[in-house]
Amino acid sequence: MADVPVGSLHHVEIWVPHISRAQEEWGWLLAELGYEQFQEWPEGCSWKLGGTYIVIEQSAALTGSTHRRTEPGLNHLAFHAGTRANVDRLRELGADSGWS
């Protein structure tokens, strides 16, 4: 795609041990941030915003069942969420959805 800047993020893929739980945990947040459901298959799904998409997948090649942000690998994702009031609103919704 000629109109996409070199170096811009194309996609992030997150492997999870429980796809249905991850769809619930991520789906509401990504929808609130403007992402639209993009693809779905038995072991995964994705949401897209512009030229970037986020994939959640329960891979057969997954070797663990627990994520620890202090271990090698992805530490965290940070999204622009607009105003402080919107960030606070999302934080409340996150707590209601089991995020901590």
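Residue numbers run from 1 in the order of the sequence given. Keep in mind the model is a prediction, meaning the values are calculated, not measured.
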The test is side chain to side chain contact (heavy atoms under 4.5 Å, CB included); show your working for Cys45 and Gln37 and say whether it passes. CA-CA 8 Å; Cys45 59; Gln37 191 148 10; 4.0 Å; yes

Tell me, please, which residues at least two apart from Asn75 pass side-chain hydrogen bond (donor to acceptor under 3.5 Å, both in side chains). Arg69

Name all residues meeting the side-chain hydrogen bond (donor to acceptor under 3.5 Å, both in side chains) criterion together with Glu43; count only those two or more places apart in sequence or in a different chain, and write none if there are none. none

In Å and rounded to the nearest 0.5 Å, what is the CD to CG distance from Glu92 to Asp96? 7.0 Å

Just checking, is any N or O donor in the side chain of Trp15 or Glu13 under 3.5 Å from an acceptor N or O on the other one? yes

Residues forming a side-chain contact (heavy atoms from CB on, under 4.5 Å) with Arg89, sequence neighbours excluded: Glu32, Asn86, Leu93

Rounded to the nearest 0.5 Å, how far does NE2 of His18 lie from OG of Ser65? 7.0 Å

Joint hydrophobic cluster, Val87 plus Tyr35, side-chain heavy atoms closer than 4.5 Å: no

Review item, side-chain donor-acceptor pairs of residues 47-63, under 3.5 Å, at least two apart:
from, atom 1, to, atom 2, distance (Å)
Thr52, OG1, Leu9, O, 2.9
Gln58, OE1, Ile19, N, 2.9
Gln58, NE2, Pro17, O, 3.3
Ser59, OG, Ala61, N, 3.0

Check this for me: Glu36, atom CD, are more than 12 non-hydrogen atoms of other residues, nucleotides or ligands nearer than 6.0 Å? no

Among all residues two or more places apart in sequence or in another chain, which pass the side-chain contact (heavy atoms from CB on, under 4.5 Å) test with Ser8? Val4, Pro5

Review item, side-chain donor-acceptor pairs of residues 21-28, under 3.5 Å, at least two apart:
from, atom 1, to, atom 2, distance (Å)
Gln23, NE2, Glu40, OE2, 3.4
Trp28, NE1, Glu25, O, 3.0

Would a single hydrophobic cluster contain both Val16 and Leu29, if residues Ile, Leu, Val, Met, Phe, Trp and Tyr are joined by side-chain heavy-atom contacts under 4.5 Å? yes

Correct closest heavy-atom pair for Leu90 and Ala81 would be CD1-CB, 3.8 Å

